[in-house]
Enquirer: 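Pasting in a structure now, in structure tokens, and then I'll have a few things to ask.
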Amino acid sequence: MIRTVNLSKHYNDVKAVSEINLNVRKGEIYGFLGLNGAGKTTTIRMLLGLIKPTSGDAFILNQKVHANHTDLFKKIGYLVEIPYSYPNLTVRENLEIVRRLRFLPDKKAVDNIIDKLQLSDYANRKAKNLSLGNAQRLGLAYALIHNPEILILDEPTNGLDPAGIFEIREMLSDLAANKGVTVFISSHILGEISRFATRIGIIHQGRMVQEIDANKLDVLCKKQLLIVSKDMELARKIILQNGFSNPIAQNGIMHLDDRKAIENPEQIATILVNAGCPPSLLKVDEENLESYFLRTIEMNGGIK
Amino acid sequence: MKNLSAAFITECMKLRRSKIFWITIVFFVFIPLMMGLLMLVAQHPEIGKKLGLVGAKAKLFGENNWEGYLMMQNQLIATVGLIGFGFVTSWVFGREYIDRTITNILALPVSRSAIVTAKFGIIAIWCLLLVLIIFLAGISIGHLIGIPGWSDHVFNQFANKFLLISGLTILLSSPVAFIASYGKGIIAPIAFVIVMLIMSQFVALVGLGPYFPWAIPGVLSVPDGTEGMKIVTGSYIIVLITSIVGFFGTIVWWRVADQK
């Protein structure tokens, strides 16, 4: 549904995006992850024909994207960065403009999307008087008003409160699962994306550094056994004497990344108790997604 | 046509809610009011003294009659019109960048060319409305203060010239649209209009006014027979070509330029 071939954008010497190859399948929610300035928005702008690639191509529904491909844009809903509206027009009027520019004959489309995004209380409020969260909802309404086949969303949950984030997440999951909508969504928060994306691409310094199925994230995240005991030195010696790898002490906690110990923490407990050095803390700690994300980036050049 | 009508309706919706629209209307009513006041002062110097106006005795309109008053109106539309229509154009195009709504209207089923053309359509209507306001207000105020020397001949001569100058001035708005798009805002196009206005004064001084697009409406507004101020057929062609280049330049810019 969405495909890029060596998609690149350079501004003089700055390589904003370099040879990105993506392939997003129908009904998939593709999380496009990267730090600020990683090249996410530039990639999205190229997918929408807003900027021309320096080299490479973008295809949506097997059609090459270009600025004047108006037929293709009928099938795409999008939101790029912070959504802006005409400040002196109301929510309803702003949506009416989009309805007309999208040639939607059903006049109820505006009311329907207002209801769907819970903007009814603000329908007659001028856009300039909306809170950031409601302005974001209005931006999402622009993207969804025509029930698109493809949704391209750049940081769509910016400014939303936790309930709003949950609601949008549920809505996108429903669209993908039940209506076959393909969602391409960018974010800099892995924890948020991983909750509903089916596949995740990590972009760093303009390059795609990793592409993973979301359900394999657990396997890739590092696990450690955390141990605290009254006599940490004795505990370390006991662990070593029993054939486990050397635990590393950090901030008063021993970190043991021995696979056997992680899979059988009760063995460690038994050994320590029997040796008269019972643990006061024993916990299998899984690396959180943010930490995994940052580790992945650091392996690919670090944060600049 | 479907593209154009959809884009045009949305431009009307934006205009209707725009404060700037109403501000320009008030401004274009204010100008003939001021002209009327000056004419009144010219006719009755004692009023000028009461109001504390300096130079009340000066002959502001050449002759203090309809001919002088209407000629002043022509000169006004050639200069204030250039600024006013330039501002209108800067606003219609530049606001998409100032309000950051440009991204919302570029990847849609309606073509970018239709959006640009609709914007030019709304600019033409807006400017024509301002022309009509200044025209009607000017005539009404002139009658109200009882300017002497009204005749159908004087009126017809003025009306023809006034409409011609207004038309040429409106045509010169299209390059402003290009500058607004290129400069992504309204500062650059307004600066461009001011620079063109200043340049047209210098160009007219050296006698090249009839060949410089932005000086041509001004040249038309001065009395016939003024040295170095004779409009030639080429003058109209120059304005037309400038307008066409501005129009298509803007369309091409919208179609091909990166919209960051």
Side-chain angles (χ1 to χ4, degrees), chain A residues 9 11 16 41-42 44-54 60 65-90 92-105 126-128 138-139 142-143 145-146 148 150 152 154, chain B residues 1-24 91-119 121-122 181 184-186 250-260:
Chain A
K9 183 69 182 178
Y11 296 104
T41 302
T42 304
I44 283 179
R45 284 181 182 273
M46 285 192 279
L47 288 176
L48 293 167
L50 299 176
I51 54 176
K52 283 192 299 292
T54 307
I60 292 184
V65 176
H66 59 82
N68 302 298
H69 204 328
T70 50
D71 280 341
L72 183 59
F73 296 141
K74 282 179 187 166
K75 296 164 187 164
I76 302 172
Y78 67 95
L79 185 159
V80 182
E81 291 183 309
I82 301 165
Y84 289 96
S85 304
Y86 297 105
N88 287 319
L89 270 64
T90 63
R92 191 185 299 283
E93 286 166 339
N94 270 292
L95 284 165
E96 180 62 22
I97 283 180
V98 177
R99 182 186 77 81
R100 287 181 183 272
L101 293 178
R102 287 204 169 275
F103 306 132
L104 302 177
K126 284 185 179 175
K128 66 180 175 187
L138 181 55
Y142 298 152
I145 191 170
H146 55 301
I150 310 261
I152 297 176
D154 189 10
Chain B
M1 204 58 200
K2 188 179 163 193
N3 270 275
L4 196 56
S5 70
F8 186 74
I9 289 168
T10 61
E11 287 303 322
C12 290
M13 289 172 70
K14 292 180 213 171
L15 181 64
R16 199 164 56 91
R17 291 285 190 188
S18 162
K19 278 184 190 160
I20 297 290
F21 174 64
W22 301 105
I23 289 170
T24 56
W91 174 250
V92 169
F93 278 88
R95 72 166 300 176
E96 302 290 356
Y97 295 96
I98 296 170
D99 292 338
R100 300 195 187 183
T101 45
I102 186 77
T103 312
N104 298 3
I105 55 173
L106 290 177
L108 292 174
V110 71
S111 72
R112 295 181 184 187
S113 311
I115 290 174
V116 173
T117 310
K119 282 186 180 295
I122 207 79
S181 308
K184 298 184 181 358
I186 64 166
T250 310
I251 287 187
V252 169
W253 178 262
W254 273 59
R255 285 177 67 93
V256 304
D258 276 0
Q259 305 287 346
K260 286 183 233 172

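Chain identifiers are assigned alphabetically (A, B, ...) following the order of the sequence lines, protein sequences preceding nucleic acid strands; residue numbering begins at 1 within each chain. What you see is a predicted model; the values in this text were computed from it and never measured.
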Enquirer: Is R100(B) atom CZ crowded by more than 12 heavy atoms from other residues, nucleotides or ligands, each under 6.0 Å away?
Expert: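 At most 12 heavy atoms, drawn from other residues, nucleotides or ligands, come within 6.0 Å of this atom.
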Enquirer: Can you name the closest pair of heavy atoms from V110(B) and A7(B) and give their distance?
Expert: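 Scanning both residues, the minimum pair turns out to be CG2-CB, 4.4 Å.
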Enquirer: Would you say Y86(A) and S18(B) are linked by a side-chain donor-acceptor pair, where the criterion is simply a distance under 3.5 Å?
Expert: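 The answer is no; no qualifying pair exists.
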Enquirer: Taking side chain as everything from C-beta outward and backbone as N, CA, C, O, which of these in L106(B) sits under 4.5 Å from a heavy atom of chain A? Side chain, backbone, both or neither.
Expert: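 Contact with chain A is through both the backbone and side chain of L106(B).
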Enquirer: At a heavy-atom separation under 4.5 Å, does I105(B) approach chain A through its side chain, its backbone, both, or neither?
Expert: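 Backbone plus side chain of I105(B), per the 4.5 Å heavy-atom cut-off to chain A.
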Enquirer: What I want to find out is whether E96(A) reaches R100(A) closely enough, with some N-O distance under 4.0 Å, to be called a salt bridge.
Expert: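 The answer is yes: the pair qualifies as a salt bridge.
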Enquirer: Just give me the residue among H66(A), E93(A), K75(A) that pairs up with chain B most often, heavy atom to heavy atom, under 4.5 Å.
Expert: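 Highest number of pairs under 4.5 Å: E93(A).
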Enquirer: Heavy-atom pairs under 4.5 Å with chain B are the metric here; pick the option from P87(A), A127(A), A67(A), G139(A) that has the most.
Expert: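 Max contact count across the listed options: A67(A).
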Enquirer: Can you tell me which portion of N68(A) sits under 4.5 Å from chain B's heavy atoms? Options are side chain, backbone, both or neither.
Expert: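 Interface part for N68(A): side chain.
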Enquirer: What's the spacing between I97(A) CD1 and T101(B) OG1 if we round to 0.5 Å?
Expert: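 The OG1 atom of T101(B) is 9.0 Å from CD1 of I97(A), to the nearest 0.5 Å.
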Enquirer: Kindly compute the distance separating CZ (R255(B)) from OG1 (T250(B)), expressed to the nearest 0.5 Å.
Expert: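 It comes to 13.5 Å.
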Enquirer: Is it the backbone or the side chain of R102(A) that comes under 4.5 Å from a heavy atom of chain B, or both, or neither?
Expert: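 Interface part for R102(A): both.
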Enquirer: With heavy-atom distances below 4.5 Å as the criterion, would you say the side chains of W253(B) and V116(B) are in contact?
Expert: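 Not touching, per the 4.5 Å side-chain cut-off.
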Enquirer: Heavy-atom cut-off 4.5 Å, strictly under: side chain, backbone, both or neither for E96(B) against chain A?
Expert: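 Contact with chain A involves the side chain of E96(B) alone.
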Enquirer: Can you say whether A257(B) sits under 4.5 Å from chain A via the side chain, the backbone, both, or neither, judging by heavy atoms?
Expert: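 For A257(B), the contact with chain A is made by the backbone alone.
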Enquirer: Quick check on the interface: out of E81(A), R45(A), H69(A), who has the most heavy-atom pairs with chain B under 4.5 Å?
Expert: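 Result: the option with the highest number of such pairs is R45(A).
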